[in-house]
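Below, each value reflects all heavy atoms present in this structure, side chains not excepted, and no hydrogens, waters or symmetry copies. All figures in this text were calculated on a predicted structure; none of them were measured in a lab.
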Amino acid sequence: TLSLPPSLPHSLPHSLFIQLVDMKLLRRAKPFPMESLAGYIVRLTHLNHYPSSNIILKMAEIEERKCHLNVFSTNQDDLSKLSYITSVPENILWSMAFIKKTSPHNPTHWVNGFGENFFARLLNNNCFTICTACLAEKPYYRKVWDLDHVTVCPFHKCRLINSCPACGQVINFSSPDFFKCHKCNFYFHDFWEKPIFEEWLLSANIYQQVGFPGIDSVLSKFDEANPYLIPPFFAIPFLSLNYLANLSHEDIYFLDNQR
């Protein structure tokens, strides 16, 4: 198999990408469970030493994301070429994305993900949000990080970041990986910020809502010396992600204080 050389600029004419679209990626990887499709594209970018994730988007003839990075439409996006160059079945790739839902009453603002339909405003806008500790353990982008109210990693009890702590550069598709800033070369694992308890509680409950592996054991533990470990009856009853999408942060903290 052949791959585009890492030295090629990501401003290559689109016609050249068309000529090379039959080439599979030299370095391919199977998706992890609960991995984001957009994050998977960045991971492939890093594996193949490309300077920008937009190269793979052009190879797969997928439009660059302008707003929600992991929202794809079955009417507008064709993942067949991405499936070919990665050797990953299309149905697997679609399952990693949030699928845009359209209707006569609301043509653009609904998505499907984690088995639910909910408002797209629940998703991060034009950025990736990462836990550097999770990436150090397994270098893939968790789909749950796309949810706007997930601001803390329940496992590592650290605040997630969506921009470089050193220079403020936003982490998006222009980034070739999730490990350092492509603008100032700051290594993200050098940054750690402790969250407030309510942020941790909210994020942990969202992880549980979407069925993230291992979160039940975190929520079931209790240690009086550690306020981050709570019994399950402290869980917030979200009922659905769409219910959560209609709440403000103030509403959520009010619910928490009523427990």
Interatomic distance, NZ@Lys194 vs CD1@Ile196, rounded to 0.5 Å, equals 11.5 Å

So do the side chains of Ser175 and Phe128 get within less than 4.5 Å of each other, counting heavy atoms only?
no

As a quick check of understanding, evaluate side chain to side chain donor-acceptor pair (under 3.5 Å) for Asn117 and Asn112, giving each step before the final call.
CA-CA 4 Å; Asn117 293 330; Asn112 179 272; 2.8 Å; yes

Tell me, with the steps shown, if Trp145 and Asn124 meet side-chain contact (heavy atoms from CB on, under 4.5 Å).
CA-CA 8 Å; Trp145 293 343; Asn124 293 322; 5.6 Å; no

Could you walk me through whether Thr151 and Leu160 pass side-chain contact (heavy atoms from CB on, under 4.5 Å), step by step?
CA-CA 5 Å; Thr151 58; Leu160 306 185; 5.7 Å; no

Taken to the nearest 0.5 Å, the spacing of Ile41 CD1 from Ile62 CD1 works out to 5.0 Å

Taking the side chain as every heavy atom from C-beta outward, state whether Glu116 and Phe114 have any pair of such atoms under 4.5 Å apart.
no

Check whether any side-chain N or O of Thr45 sits under 3.5 Å from a backbone N or O of Ile56 as a donor-acceptor pair, and report yes or no.
no

Would you sort out whether Phe186 and Phe191 count as a ring pair (Phe, Tyr, Trp, His ring centres under 6.0 Å), showing the intermediate values?
CA-CA 9 Å; Phe186 177 83; Phe191 177 82; 7.3 Å; no

Trp110 ring center near Phe119 ring center (under 6.0 Å)
yes

Backbone N/O of Ala97 and side chain of Lys143: donor-acceptor pair under 3.5 Å
yes

Taking Ser36 for the side chain and Ala38 for the main chain, is one N or O donor matched with an acceptor at less than 3.5 Å?
yes

Interatomic distance, CZ@Arg43 vs CG@Asn48, rounded to 0.5 Å, equals 11.0 Å

Has the side chain of Ser203 got a donor or acceptor atom that lies under 3.5 Å from a matching backbone atom of Val152?
yes

Other residues, nucleotides, ligands: >12 heavy atoms within 6.0 Å of Glu90 CD:
yes

Contact check, side chains of Ile99 and Ser73, non-hydrogen atoms, under 4.5 Å
no

Of all heavy-atom pairs linking Cys134 and Arg142, the shortest is O-NH2, 3.3 Å

Hydrophobic cluster identity match, Phe32 and Leu135, side-chain contacts under 4.5 Å
no

Please tell me if the side chains of Leu123 and Asn70 come closer than 4.5 Å, counting only heavy atoms from C-beta onward.
no

Mind listing the closest non-hydrogen atom pair of Lys81 and Ala60 along with its distance?
CB-O, 3.6 Å

Rounded at 0.5 Å granularity, tell me how far CD1 in Ile85 sits from CE in Met23.
12.0 Å

Look at the side-chain heavy atoms of Ile, Leu, Val, Met, Phe, Trp and Tyr, link any pair under 4.5 Å apart, and say whether Trp192 and Val150 land in one connected group.
no

Answer yes or no: is there a donor N or O on one side and an acceptor on the other, between the side chain of Tyr40 and the main chain of Ala29, under 3.5 Å?
yes

Donor-acceptor contacts, no H, no angles, side chain residues 161-171, under 3.5 Å, sequence neighbours left out:
none

Ring pair (Phe, Tyr, Trp, His ring centres under 6.0 Å) for Phe178 and Tyr140? Distances and angles first, verdict last.
CA-CA 9 Å; Phe178 295 124; Tyr140 74 96; over 10 Å; no

Keeping Ser83 on the side-chain end and Val88 on the backbone end, is there a donor-acceptor pair under 3.5 Å?
yes

With side chains defined as the heavy atoms from C-beta onward, is the minimum distance between Ser53 and Pro176 less than 4.5 Å?
no

Would you please classify the geometry between the Phe212 ring and the Phe155 ring as parallel, tilted or perpendicular, with 30° and 60° separating the classes?
tilted

Please examine the side chains of His49 and Arg27, heavy atoms only from C-beta on, and report whether any two atoms are closer than 4.5 Å.
yes

How close do Asp148 and Arg121 get, counting heavy atoms only, and between which atoms?
CB-O, 4.3 Å

Are Met34 and Leu147 joined in one hydrophobic group, where the rule is that I, L, V, M, F, W and Y side chains link up if heavy atoms are under 4.5 Å apart?
yes

Atom CD in Glu61, atom CG in Leu79: separation rounded to 0.5 Å?
12.0 Å

Test: Lys24 cationic atom under 6.0 Å from Tyr84 six-membered ring centre, within 45° of axis
yes

Going through the checks in order, is the side-chain contact (heavy atoms from CB on, under 4.5 Å) test met by Phe72 and Trp94?
CA-CA 8 Å; Phe72 292 78; Trp94 280 111; 3.8 Å; yes

Using side-chain heavy atoms (C-beta onward) and a distance below 4.5 Å, is His149 in contact with Leu122?
yes

Spatial distance of atom CG (Leu44) from atom CG (Leu26) [nearest 0.5 Å]
12.0 Å

Quick one, Thr132 with Phe179, criterion side-chain contact (heavy atoms from CB on, under 4.5 Å). Give me CA distance, side-chain angles, the key distance, then yes/no.
CA-CA 7 Å; Thr132 58; Phe179 305 107; over 6 Å; no

If you define the side chain from C-beta out and look only at heavy atoms, does anything of Met59 sit under 4.5 Å from Ile55?
yes

Under a 4.0 Å N-O cut-off, is there an ion pair linking Arg159 with Glu199?
yes

If only side-chain N and O atoms count, and only distance matters, is there a donor-acceptor pair under 3.5 Å linking Asp146 with Tyr141?
yes

Linking I/L/V/M/F/W/Y whenever any side-chain heavy atoms sit under 4.5 Å apart, do Phe197 and Ile215 land together?
yes

Under a 4.0 Å threshold between the charged nitrogen and the carboxylate oxygen, would Lys58 count as salt-bridged to Glu64?
no

